[in-house]
Amino acid sequence: MDKKERRMKRSYSIAVIPGDGTGQEVIREGLKVLEAVSDKFNFTYEKIIYDLGGERYLKTGETLPDSILEELKDVDAIYLGAIGDPRVKPGILEKGILLRLRFALDQYINLRPVILYDKRFCPLKDKNEEDINFVVVRENTEGLYCGAGGFLKYQTEDEVAIQESINTYKGVERTIRFAFDYAKKRNYKKKVTLCGKTNVLTYAFDLWERVFYKVAKEYPDIQTDYAHVDATCMWMVKNPEWFDVIVTDNMFGDIITDLGAIIQGGMGIAAGGNINPQGVSMFEPIGGSAPKYTGKNVINPLAAICALGMLLNYIGEEEASLSIERTVKRVVREKLESLSAGKMGMGTREVGDLIASLV
Ligand code: IPM
Ligand code: MN
């Protein structure tokens, strides 16, 4: 069956990469929920599990073999746990697996919703659920993440290290357009904020700014706003209610979405999608592999479960997706003592079982 047929028959092919550390544990719970919603909403799926990650690298020296990458081009979506292993030098797995997947599959959008489900878990004073509900559209294949640059006179006192930010008109334009389309579809505050640094990065963000206002002309119903990245951080803490859709480059997007995660209750609840609107997308909890919590049944699986919700929405199973969102909200509000690892009042498996039984 090809993709179109699979969609018509509601019979999907889902690649699963549990990855490292707690990635394994949270994906296990996500898969329980997938089974439950597929029963309830009458769709079927085939899951193809890939053992990419630190363990495979240490055994075979492989990060992401080309043959697997080819297989991944043909699935309906990828469900990823976490990549990162303390036994492997930083960068090898992240660049070799996670970033390679994002780049090779041209997943040029990293979509990260910031939603507060329960004000008990918000670290900000006097903010509640209505105040924290926005989404960050992070460019996901360019900027400082390209790996452009290098060393001169490596490991001498004359050493020069260069890391360049690549911003292409096409890459910037498609990201900004996605953000405006998203704001229109979302139909919430109808506002897109460009987060940049036009006062210092006068080449890169000059391009971003020009493209932003050019694209904005095509969306007369959508309000525009601009904030420097440092100010964005301040506003996210002081007035998060100002935001609806924030669009930004890869590096700034990485940084502000960790801040976003913490104001919505922490890494335990923050999910994201690496999206190629014309191709294969990949959904993941945005926290890392959390080695110190691995194997203890204490990690919060809700971020991975929310990522599954995003995945289902993306492949067209909207009802299942909404059901997951509602159930997560309910469980967060009614059952959990905290969203942090080890403090939830129940274990990883119990949270997964509970969601699976209620969706
Ligand atoms: C994220 C992560 C990754 C990134 C790392 C692990 C390469 O921090 O998904 O936000 O920087 O994009
Ligand atoms: Mn990050």
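Whatever order the structure lists them in is the order used to number ligands and atoms, beginning at 1.
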| task | Starting from atom 4 (C) of ligand 1, locate the nearest protein heavy atom and write down its residue, its atom name and how far away it is, to 0.1 Å. | result | Tyr145 OH, 3.5 Å
| task | Anything under 30° is parallel, anything over 60° is perpendicular, the rest tilted; go ahead and classify Phe252 against Phe205. | result | parallel
| query | Tyr145 ring centre to Arg138 NZ or CZ under 6.0 Å, with the angle to the axis within 45°? | reply | yes
| task | Would you check the N or O atoms of Glu284, main chain and side chain alike, for any that come under 3.5 Å of an N or O of ligand 1? | result | no
| said: Give me the residue, atom name and distance of the protein heavy atom closest to atom 3 (C) of ligand 1. | reply: Leu98 CD2, 4.0 Å
| Asp254 to ligand 1, any heavy atom closer than 4.0 Å | yes
| task | Test Tyr12 against every option in Glu317, Arg6, Arg7 by the side-chain hydrogen bond (donor to acceptor under 3.5 Å, both in side chains) rule and name the one that passes. | result | Glu317
| message | Strictly below 4.0 Å, N to O, side chains only: are Arg186 and Asp244 in salt-bridge contact? | response | yes
| message | Any carboxylate oxygen within less than 4.0 angstrom of a Lys/Arg side-chain nitrogen, looking at Lys296 and Glu25? | response | no
| said: Just checking: Asp254, one of its N/O/S atoms, less than 2.8 Å away from the Mn ion (ligand 2), yes or no? | reply: yes
| Closer than 4.0 angstrom: is that true for some heavy atom of Arg102 and an atom of ligand 1? | yes
| query | What atoms of ligand 1 come within less than 4.0 Å of a heavy atom belonging to Glu94? | reply | 6 (C), 7 (C)
| Looking only at heavy atoms of Arg112, does any of them come nearer than 4.0 Å to an atom of ligand 1? | yes
| query | Taking the six-membered ring of Tyr117 as reference, does the NZ or CZ atom of Arg333 fall below 6.0 Å from its centre and within a 45° cone about the axis? | reply | no
